Structure formats: C-alpha cells, structure tokens
2 protein chains.
Amino acid sequence: MSSAIKVLLAEDQGMMRGALSLLLNLEDDIEVVAQVAAGDEIVAAALAARPDVALLDIELPGRSGLDAAAELRERLPECKVLILTTFGRPGYLRRAMEAGARGFLVKDGPVEDLAAAIRRVLDGHRVIDPALAAAALSTGPSPLTPREQDVLNAAADGATVADIAARVHLSESTVRNHLSSAIGKTGTRNRTEAVRTARHNGWL
Amino acid sequence: MSSAIKVLLAEDQGMMRGALSLLLNLEDDIEVVAQVAAGDEIVAAALAARPDVALLDIELPGRSGLDAAAELRERLPECKVLILTTFGRPGYLRRAMEAGARGFLVKDGPVEDLAAAIRRVLDGHRVIDPALAAAALSTGPSPLTPREQDVLNAAADGATVADIAARVHLSESTVRNHLSSAIGKTGTRNRTEAVRTARHNGWL
DNA sequence: ACCCGGGCAGGACAAATGTCACTGGCGGAA
DNA sequence: TTCCGCCAGTGACATTTGTCCTGCCCGGGT
C-alpha cells in the first residue's frame with residue numbers, strides 16, 4: 001500500500017481511544033496519525049497531521065466535536081469528518097450533517113463497521129444508519145430558541161432561578177418565562193423533564 | 001501456552017466490547033471465552049464458560065455488574081472479578097469491594113493497563129487506583145437509607161411528588177419527608193442537586 | 001425495661017416554581 | 001409599511017416543593 005488512509009482520532013475515554021487506535025492500525029490500509037482527548041485540540045492536530053478522515057466523538061471536554069467539525073470544513077475541507085458517538089440522538093445527527101459530516105456512527109454497532117465506514121467515507125459516500133436518519137427526520141429540528149437552550153443548560157444541574165439568572169445575565173422573570181416556554185415546547189411538566197427530553201433529542 | 005487465561009467480558013457498548021475482545025485476544029496468554037452485553041446474562045454465561053477472570057462493566061442493562069459480581073462470588077468463587085467502569089465513583093469502588101471484586105479499573109487509563117490488571121488479579125493481587133481508594137475512604141459510606149435511595153431514584157427523571165408516591169407505594173407526605181431528608185444529608189438545596197451528588201458519589 | 005433509628009403519615013407554613021397577561025425593542029420577511 | 005418571532009422584563013397568581021413538628025409502629029441493642 002503506497003499510501004495508507006490517514007486518520008485523526010478524537011475520543012476522551014482513554015481505553016476506548018487506545019483500543020480503537022490499535023485496532024485501526026491493524027488494518028493495513030489505515031494509519032492513525034493523530035490522537036486527541038479534547039475537543040479544542042482537534043483543529044490544531046488536524047492542521048498539523050493533515051488526515052484524510054477525522055473520527056470525532058461529540059461529547060468531548062473543551063469543545064464539542066460538532067463544533068470542531070464545522071471549523072474543520074472551513075480550514076481543511078479535504079478532510080472528511082466521521083462522527084462516532086455514544087448516543088444516536090436525532091438532533092446530533094441533524095447537527096452533524098449541518099456541520100458537514102460525511103458519516104455518523106453510534107458506538108453500539110460492531111467494530112467491523114468502523115474500518116468499513118472509514119473506507120466508504122473516503123470514497124465519497126455518506127455513512128448513516130437508516131433507522132437513525134428516519135428518527136431525525138420525524139423528530140424535526142429543535143423548537144428551542146438559543147436563549148431557551150442557554151437557560152435549560154444552566155438549569156440542568158439543579159440550579160435555582162436566581163442561579164440561572166446570574167449565570168446567563170438575565171432577570172429572574174425572564175428566566176422563568178424562558179423556562180416556562182421550554183417546558184411548553186417539550187410537552188413536559190417541569191424543568192427537569194424539559195432538560196431530559198431536550199437532551200434525549202439532542203437539542204442541547 | 002498450554003492454558004491461556006480465560007476471560008468473560010461484560011460490556012454493553014458494542015464497539016467497546018468488540019475492541020476490547022479483539023485486543024485481549026491479541027495477547028497470547030489471554031482468551032476471551034464469553035462476551036455478554038447485559039447484566040442478567042453474566043452469571044449464566046460464567047457458569048457455562050467457567051472463566052478465570054470476569055471483566056464487568058457496572059452500568060449494564062438488565063442488572064448491575066456489581067450485583068452480578070456478588071452472585072458470582074457465591075456460585076463461582078474461583079472466578080476473580082475485575083470491574084471496568086466509566087465512572088470512578090467512590091461508592092462504586094466501595095460496593096465493588098463489598099461484592100468481592102478483586103480489582104477496579106476506570107475506562108480512562110491506557111489500554112495497556114487492562115491485560116496487566118488481568119494477570120495481576122489472577123495472581124491473587126488486588127488492582128485499585130490509589131487515588132480512587134483514598135477518595136472512597138474519605139467520602140465515607142452512603143448516608144442514605146434504602147427508602148431515601150428509592151425515592152431519589154424515582155425522582156431522578158423529573159417526576160412530581162405524586163408520581164414518586166405512586167411508583168414507590170408511599171403517601172405523598174412520606175415521599176416529601178424522605179426527599180427532604182436526602183436533601184439534608186447530601187447538603188444540597190433541592191431534589192435535583194441531591195440526585196446529582198448522590199449519583200456522583202455512587203450512592204444510587 | 002428502656003432508648004433509638006428507621007419507616008410511615010398528616011398538617012401547617014414559607015419559599016420556589018410554573019403560568020399568564022401585558023409591555024416594549026429589535027430585525028427580518030412579506 | 002406591517003406583521004411576526006425572538007428577546008427582555010414586570011406583576012399577579014396558583015401550584016409545587018421543601019421544612020418542620022407531631023404522632024405512631026417496629027425491631028435491635030443495652
């Protein structure tokens with residue numbers, strides 16, 4: 001093989017990262033040329049290593065993999081992005097596509113899928129679980145406005161209205177209104193349930 | 001090698017399970033003789049395959065790995081249990097030790113640790129991250145009574161007092177009392193925070 | 001025998017939460 | 001321009017939540 005496929009691997013869990021890296025290197029047409037554990041290291045590492053494919057987790061410390069994917073499209077368009085995530089949330093898939101990702105894998109499927117997906121993506125194909133795609137389409141895009149997302153995020157760990165207001169720099173009244181609106185849009189009964197379903201749909 | 005170390009692997013995430021399995025099988029003194037994805041399949045698989053070491057995740061569908069570990073000690077005492085978990089919660093470590101586990105690994109560390117830990121555990125040693133052990137000791141055991149844990153669990157997804165009362169078969173008054181008590185013991189301000197810190201400490 | 005912790009339950013009360021109506025500013029689309 | 005959605009804020013209101021106090025039952029330990 002004159003030129004192996006160069007892969008960048010972004011994954012925070014050490015054991016997972018190490019195992020995937022070893023595994024991919026066993027394939028004789030794939031070479032892991034960079035590994036990072038944090039989202040804010042992705043772009044710099046990619047610019048240095050010039051991978052053909054970037055294999056990105058979404059939930060990473062420092063910066064979301066989706067975020068990094070969007071910047072990669074600008075700065076290194078020849079690098080194809082393949083998202084590899086624990087959760088097949090409809091909103092994640094939608095945002096991944098909007099960020100220019102070429103494929104979307106969940107960490108459930110068999111490992112064999114991984115190398116195959118990398119090759120298919122490099123060939124210009126898209127790799128998406130059909131069931132997941134259907135779910136994403138049926139769920140529709142997020143109904144939450146940016147502020148509502150902010151407030152829900154701030155409310156996620158049990159903060160009081162006063163806490164949230166301080167964190168987001170809003171009046172308590174406004175926070176209450178945004179929370180109420182988010183509860184309404186998610187069809188739930190309180191902020192905790194609202195956070196739950198928003199998370200479940202990948203809206204946060 | 002006349003007799004390789006026989007390992008049972010319990011892990012719900014398909015990609016992780018596959019990768020670890022392949023990886024361990026690369027070691028010429030280790031053989032993965034059984035793989036399960038659910039907690040309630042562990043004991044049956046172990047009785048059938050008679051592994052030397054059981055590598056168990058904690059958070060599994062069907063049944064907790066800690067639970068299964070306790071039963072394994074009864075039914076297959078010659079099989080050493082090694083816990084492999086995402087979260088190094090103090091309470092998890094404590095419960096793992098009480099369930100008779102011989103080792104406790106978090107999925108962060110390097111993959112190389114894994115095979116080494118398996119060999120050490122088989123040799124009769126215990127494998128525990130010293131920092132984690134210190135945290136477990138300093139945090140102390142769970143202050144929550146069984147009922148308080150039930151109620152917190154039922155409250156975790158945003159259920160109202162009425163919902164919880166119905167789920168746990170208690171009066172609303174009693175639920176409020178248990179919640180208030182749990183909030184006090186965790187040093188928090190509301191049920192959401194109480195659930196958070198109880199989870200964080202591995203008390204649920 | 002006693003006390004004590006856990007469990008269960010009810011009532012009363014203050015505080016936090018969720019809802020609603022209404023105001024106004026802003027920017028984009030028709 | 002007018003309309004509409006998002007944003008920000010206020011005030012009033014009903015509901016929920018959290019706290020505290022009371023009482024009772026039980027089982028284990030001293």
Side-chain angles (χ1 to χ4, degrees), chain A residues 91 94-95 98 139-204, chain B residues 91 94-95 98 139-204:
Chain A
R94 169 173 253 106
R95 283 196 273 161
E98 286 166 0
T139 304
S142 170
L144 301 175
T145 71
R147 261 324 151 281
E148 285 161 358
Q149 295 177 33
D150 294 344
V151 171
L152 273 193
N153 267 315
D157 50 358
T160 66
V161 172
D163 294 340
I164 303 171
R167 230 184 279 179
V168 195
H169 306 297
L170 288 175
S171 88
E172 302 196 8
S173 308
T174 307
V175 168
R176 288 139 107 45
N177 287 338
H178 283 307
L179 278 177
S180 184
S181 161
I183 291 170
K185 287 180 180 176
T186 51
T188 52
R189 293 171 302 168
N190 53 52
R191 54 180 82 179
T192 309
E193 282 190 351
V195 167
R196 250 183 86 77
T197 81
R199 285 246 169 91
H200 178 261
N201 289 331
W203 292 340
L204 294 186
Chain B
R94 167 172 254 107
R95 283 195 272 161
E98 286 165 1
T139 305
S142 171
L144 301 175
T145 69
R147 263 319 153 282
E148 285 160 1
Q149 295 177 33
D150 293 344
V151 170
L152 272 193
N153 267 317
D157 51 357
T160 67
V161 172
D163 295 340
I164 303 171
R167 230 183 280 179
V168 195
H169 306 297
L170 288 175
S171 88
E172 302 197 8
S173 306
T174 307
V175 168
R176 291 142 102 56
N177 287 336
H178 283 309
L179 277 177
S180 183
S181 161
I183 291 170
K185 288 180 179 175
T186 50
T188 52
R189 294 171 304 169
N190 53 53
R191 54 181 83 180
T192 310
E193 283 190 351
V195 167
R196 251 183 85 78
T197 81
R199 284 247 169 92
H200 179 260
N201 290 330
W203 293 340
L204 294 186

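This structure is a prediction, so every number in the text was calculated from the model and none was measured. We use all heavy atoms of the structure for the numbers below, so side chains are in, but hydrogens, waters and symmetry mates are not. Sequence lines set the chain letters: A, B, ... in the order given, protein chains first and strands last, and positions in each chain run from 1.
- The distance from the OG1 atom of A:T188 to the CG atom of B:D157 is 12.0 Å, given to the nearest 0.5 Å.
- For D:dC20, neither phosphate oxygen OP1 nor OP2 lies less than 4.0 angstrom from any side-chain nitrogen or oxygen of B:S180.
- Residues A:T192 and B:A156 share a closest heavy-atom pair of CG2-O, 4.0 Å.
- Contact record, B:R191 with B:I183: N-CD1, 3.7 Å, taken as the closest heavy-atom pair.
- For the residue pair B:L144 and B:Q149, the shortest heavy atom distance occurs at O-NE2, 3.2 Å.
- Between the side chain of A:N177 and the base of C:dC22, no donor-acceptor pair under 3.5 Å is found.
- Atom-to-atom, CD1 of A:I183 to P of D:dT15 comes out at 16 Å; the value is rounded to the nearest Å.
- Residues from residues 154-172 of chain A with heavy atoms under 4.0 angstrom of DNA chain C, sorted by number: A:T160, A:V161.
- Of all heavy-atom pairs between A:A154 and A:A159, the closest is O-CB, 3.6 Å.
- Comparing atom distances between the B:H178 side chain and each of D:dT19, D:dC7, C:dC8 picks out C:dC8 as nearest.
- Proximity of A:T174 to the phosphate of D:dG9: a side-chain N or O atom is located under 4.0 Å from OP1 or OP2.
- Other residues, nucleotides and ligands contribute only 12 or fewer heavy atoms inside 6.0 Å of the CZ atom of A:R196.
- Between the CZ atom of B:R176 and the C1' atom of D:dT17 there is a distance of 6 Å, given to the nearest Å.
- The stretch residues 187-204 of chain A touches DNA chain C through A:N190, A:R191, each having a heavy atom under 4.0 angstrom from the strand.
- Side-chain polar atoms of A:D163 and A:T160 form a donor-acceptor pair below 3.5 angstrom.
- For B:S173, the listed nucleotide lying nearest its side chain is C:dG10; candidates were C:dG10, D:dC7, C:dT19.
- Across all strands, A:R147 comes closer than 4.0 Å only to sugar-phosphate atoms, never to a base (heavy-atom distances).
- For the pair A:L144 CG and D:dG5 C1', the computed distance is 15 Å after rounding to whole Å.
- One can place CG of B:L179 at 15 Å from P of C:dT17, the figure rounded to the nearest angstrom.
- Here the closest non-hydrogen pair linking B:P143 and B:E148 is O-OE1, 4.2 Å.
- Between A:G158 and B:N190, the shortest heavy-atom distance links the atoms O-ND2, 2.9 Å.
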